[in-house]
Amino acid sequence: MNNLPPPSAFTIDQNDPNKWPKWRKKFENYIIASDLNSKTIQQQRAILLHIIGDSALEIYNTFGFEENAQSPTIKDILDKYDQYFRPFKNTIYKRYIFFTCEQKLNQTFDDFVTEIKSKAEDCEFENIKDSLIRDRIVLGCRDTTLREKYLQNPDLTLSLAINQGQAAEASQKQLRNIEKDSIDAIRKNSNERYKPTTSLKNSYTSNPVRANFNKSIRCSKCNMAHDFGKCPAYGKECYKCRQPNHFANCCKNRAIRCIQEIEEEKDNLLIIDSIMVGQVLRKPWKELIYIQGHPVDIKLDTGADVNILPEI
């Protein structure tokens, strides 16, 4: 036990006013663990001044102690450091910090309780410290459901509030894990359900009817069956309409190619063998019709793309 390492040397940090109280707490624990009280006061004082560090030792030299066999004691020295590092203690402001403490985002419940207890140390609450810490836990926790549960119990104690908060946080974490596992299982089942198996792929490709399904459909550009993207009419020019990427037998552009006129002496018949129109420029054929006294613009459609009427 005598080989227990002492706390590291104290360094002054103006941005951390709680650094000295923390170091003193560590040293007091070291006193108990190393049985330092079994030594003489001079030995205790020498050990303290040896491990406290150079910067703190310079401060000690300004205290003006007259060292002898019985004084100053370790407690006298530590109390003098308390006065040096905390010359003015504003209890009102410390309590303000305590009463405005709230659980931060992503801060665990245990860390929140530890922070509240730490802030309560300098508030001098005396006998009501536990009840005020309990109230700060109730009012400062982020879980509104837990707060409602707290308020429903008029006999709530500090220990019960801590136990319920820890249980609530643990149950929420377990619930999130269960929901995550359920979602992962559903996604896995969905992927397996809609993912084609090897046997299904083989049956599809090995079935000649399915394998040649696309080849049984005639292409509208060449009027032949072929694999996708292998149309022989691609890049060719139709001799009827002079447009690319289709053969003449699939041409949808209508052009007037020939009119065969057969004259018979008796009947004077005009026979039109075929009419092909390259481009039809037309406006919708509409008429204004009154339906129950209301004018309605009606589109008239005979169903034919080209109508031929005699001049007579």
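Positions are given from 1 along the sequence.
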Q: Dump the intermediate steps for side chain to side chain contact (heavy atoms under 4.5 Å, CB included) on Phe112 and Cys101, then the final yes or no.
A: CA-CA 9 Å; Phe112 173 55; Cys101 180; 4.2 Å; yes
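- Here the shortest heavy-atom pairing between Lys39 and Gln43 reads CB-OE1, 3.2 Å.
- The CG atom of Leu160 sits 4.5 Å away from the OG1 atom of Thr157 when rounded to the nearest 0.5 Å.
- Between the side chain of Asp79 and the main chain of Asp76, no donor-acceptor pair closer than 3.5 Å is present.
- The shortest non-hydrogen separation linking Cys219 to Cys250 is O-SG, 4.5 Å.
- Checking side-chain atoms of Arg147 against main-chain N and O of Cys141 turns up a donor-acceptor pair under 3.5 Å.
- Counting heavy atoms of neighbouring residues, nucleotides and ligands inside a 6.0 Å radius, atom CD1 of Ile92 does not exceed 12 of them.
- Glu28 and Arg24 are joined by a salt bridge, as a carboxylate oxygen and a charged side-chain nitrogen come within less than 4.0 angstrom of each other.
- Note on Lys104 versus Glu115: salt bridge recorded, some NZ/NE/NH1/NH2 to OD/OE distance being below 4.0 Å.
- Using a 4.5 Å heavy-atom cutoff, the side chains of Phe99 and Leu139 are not in contact.
- The pair Arg134-Asp130 does not count as a salt bridge, with every side-chain nitrogen at least 4.0 angstrom from each carboxylate oxygen.
- Of the possible donor and acceptor atoms, none in the side chain of Ser118 sits under 3.5 Å from a partner among the backbone N and O of Thr114.
- Here the side chain of Glu169 pairs a donor or acceptor atom with the backbone of Phe109 at under 3.5 angstrom.
- The only member of Phe85, Tyr84, Phe27 that meets ring-ring contact (aromatic ring centres under 6.0 Å, His included) when paired with Trp20 is Phe85.
- Distance check: Ser171 OG to Gln166 CD gives 12.0 Å after rounding to the nearest 0.5 Å.
- Connectivity analysis of hydrophobic side chains (ILVMFWY, heavy atoms under 4.5 Å, direct or indirect) links Tyr96 to Tyr93, Ile97.
- Side-chain contact between Met224 and Pro232 is present, with heavy atoms from C-beta onward closer than 4.5 Å.
- The heavy-atom pair separating Ile74 from Leu36 by the smallest distance is CD1-CD2, 3.9 Å.
- Tyr60 has its side chain within reach of Pro72: a pair of non-hydrogen atoms, C-beta onward, lies under 4.5 Å apart.
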Review point. Is there a side chain to side chain contact (heavy atoms under 4.5 Å, CB included) between Phe10 and Lys19 once you walk through the steps?
Key: CA-CA 9 Å; Phe10 174 74; Lys19 191 166 185 179; 4.0 Å; yes
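- Here Ile116 contributes atom CD1 and Glu102 contributes atom CD; the two are 9.5 Å apart, rounded to the nearest 0.5 Å.
- Counted within 6.0 Å of CZ on Phe65, heavy atoms from surrounding residues, nucleotides or ligands total more than 12; the atom is thus considered enclosed.
- Note on Val113: it clusters hydrophobically with Leu156, by side-chain heavy-atom contacts below 4.5 Å among ILVMFWY residues.
- Between the side chain of Tyr81 and the backbone N or O of Ala56, at least one donor-acceptor pair lies under 3.5 Å.
- Distance CD1/Ile162 to CG/Asp110: 8.5 Å, rounded to 0.5 Å.
- Side-chain contact between Asn245 and Lys236 is absent, with no heavy atoms from C-beta onward closer than 4.5 Å.
- Counting heavy atoms from C-beta on, the side chains of Tyr30 and Pro5 never come closer than 4.5 Å.
- Interatomic distance, Ser220 OG to His246 NE2, rounded to the nearest 0.5 Å: 10.5 Å.
- Using a 4.5 Å cut-off on side-chain heavy atoms (C-beta onward), Arg136 and Phe98 make contact.
- Between the side chain of Asn177 and the main chain of Lys173, a donor-acceptor pair closer than 3.5 Å is present.
- The NZ atom of Lys75 lies 9.0 Å from the CG atom of Asp82; values are rounded to the nearest 0.5 Å.
- With a 4.5 Å cut-off on side-chain heavy atoms, Leu158 and Ile137 count as touching.
- Each salt bridge (Lys or Arg N to Asp or Glu O under 4.0 Å) pair with one or both residues in residues 44-57, not counting sequence neighbours, appears once here: Arg45-Glu67.
- Residues Gln172 and Asp143 form a side-chain contact, since some pair of their non-hydrogen atoms from C-beta on lies under 4.5 Å apart.
- For the pair Glu124 (side chain) and Thr91 (backbone), a donor-acceptor distance under 3.5 Å is absent.
- Closest approach of Leu146 to Gly165, counting heavy atoms only: CD2-CA, 3.7 Å.
- Using a distance-only test at 3.5 Å, with no hydrogens or angles considered, a donor-acceptor pair links the side chain of Asn29 to the main chain of Lys25.
- Closest of all the heavy-atom pairs between Trp23 and Ile51 is CZ2-O, 4.1 Å.
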Original post:
side chain to side chain contact (heavy atoms under 4.5 Å, CB included) between Lys221 and Phe247: does it pass, once the steps are laid out?
Top reply: CA-CA 6 Å; Lys221 303 295 184 181; Phe247 291 151; over 6 Å; no
- What do the steps show when you test Gln44 against Thr73 for side chain to side chain contact (heavy atoms under 4.5 Å, CB included), and what is the final call? CA-CA 8 Å; Gln44 296 177 17; Thr73 64; over 6 Å; no
- Audit row: Asp111, Gln103, side chain to side chain donor-acceptor pair (under 3.5 Å) steps and yes/no: CA-CA 9 Å; Asp111 290 344; Gln103 186 178 9; over 6 Å; no
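- Classification of Lys94 and Glu121 as a salt-bridged pair fails, no side-chain N sitting under 4.0 Å from a carboxylate O.
- Other residues, nucleotides and ligands contribute only 12 or fewer heavy atoms inside 6.0 Å of the NZ atom of Lys149.
- What you find for Lys119 and Cys123 is that their closest heavy atoms are O-SG, 3.2 Å.
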